[in-house]
Enquirer: 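Below you'll find the structure I mean.
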Amino acid sequence: MIILELCFPARRLSAELQSVQSGRLLSNYGILIISNFISKLVLPLGLASFAMHAADQQWGLFNILQVPTWLSIVASVLLLDMLIYWQHRLFHKIPLLWHLHKVHHADPHVDVSTALRFHPIEIVASIFIKMGAVFILGVPAVAVILFEVLLNGFAIFNHANIRLPKKVEAVARTILMTQILHRIHHSQLYQESNSNFGFSVIWWDRLFGSYTDEATKPDTQIDIGLVEYPETKENAQLWGLLSMPFKRK
Ligand SMILES: [Zn+2]
């Protein structure tokens, strides 16, 4: 995806953004490393190990009901994806959570590095939410790994600064969150960012009434990011991102 967006960028960087681009990339990848490090400190064995432990203890619906493995894997991946859709909506809706999630949205450009730019506390909160689901449902460990790989893969796919060929995009958007649809979610306009919450498939947005198929501006001209966080140096520095939730704006 990085190679594709370097060769065929959908949107060009503004001059202001160009001047802070190396710092921005360092910060986005820096926060990824810090978030991963902190989440490993909080839960050293990871979610899949927790799922194995839950299975040993016969915790959760699928374990109690002795659902066939293939069915529990398919149902778990789908239910976890729906859970992440609602988690995303809640992080936009509840002010306390929004202060964490805005670190992701303050990025004035959307590319692969944006897909990885999440505040460590948001990552840890998300792990505990998923842990709750593993405990209640009895999600098999293989479904946890499958889901994490798919979720991260799709996030990198739909944040990439590319545009699928028109005909491919028209078909893809009937199932998937495409780059064009996800850039609408990164618009500065509230009614646009308050839509297209899905990270992988589009059907949760369609089902729960948050789907927007077209922005008011063309894809190349959508104002990306947050008005209160312009393309300043602070917004492109690692410490600026880590401290963002705790500063008044
Ligand atoms: Zn969001």
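Note: hydrogens, waters and symmetry copies are ignored here, and every other heavy atom, side chains too, is used. First listed ligand is number 1; within each ligand, the first listed atom is number 1.
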Enquirer: How about H105: does one of its N, O or S atoms come closer than 2.8 Å to the Zn ion (ligand 1)?
Expert: yes
Enquirer: Please determine if the Zn ion (ligand 1) has an N/O/S atom from H185 lying under 2.8 Å away.
Expert: yes
Enquirer: Between the side chains of R183 and D219, is the shortest nitrogen-to-carboxylate-oxygen separation below 4.0 Å, so that they form an ion pair?
Expert: yes
Enquirer: Take the Zn ion (ligand 1) as the vertex and measure to NE2 of H101 and NE2 of H92; round to 10°.
Expert: 90°
Enquirer: What atom name does the N, O or S atom of H88 nearest to the Zn ion (ligand 1) carry?
Expert: NE2
Enquirer: Could you tell me whether R206 and D213 make a salt bridge, using a distance below 4.0 angstrom between a side-chain N and a carboxylate O?
Expert: no
Enquirer: Can a salt bridge be assigned to the pair K102 and E228 using a cut-off of 4.0 Å between side-chain N and carboxylate O?
Expert: no
Enquirer: Begin with the C-alpha distance, continue with both residues' side-chain angles, and end with the deciding distance and a verdict on salt bridge (Lys or Arg N to Asp or Glu O under 4.0 Å) for D205 and R89.
Expert: CA-CA 10 Å; D205 284 287; R89 272 187 86 156; over 6 Å; no
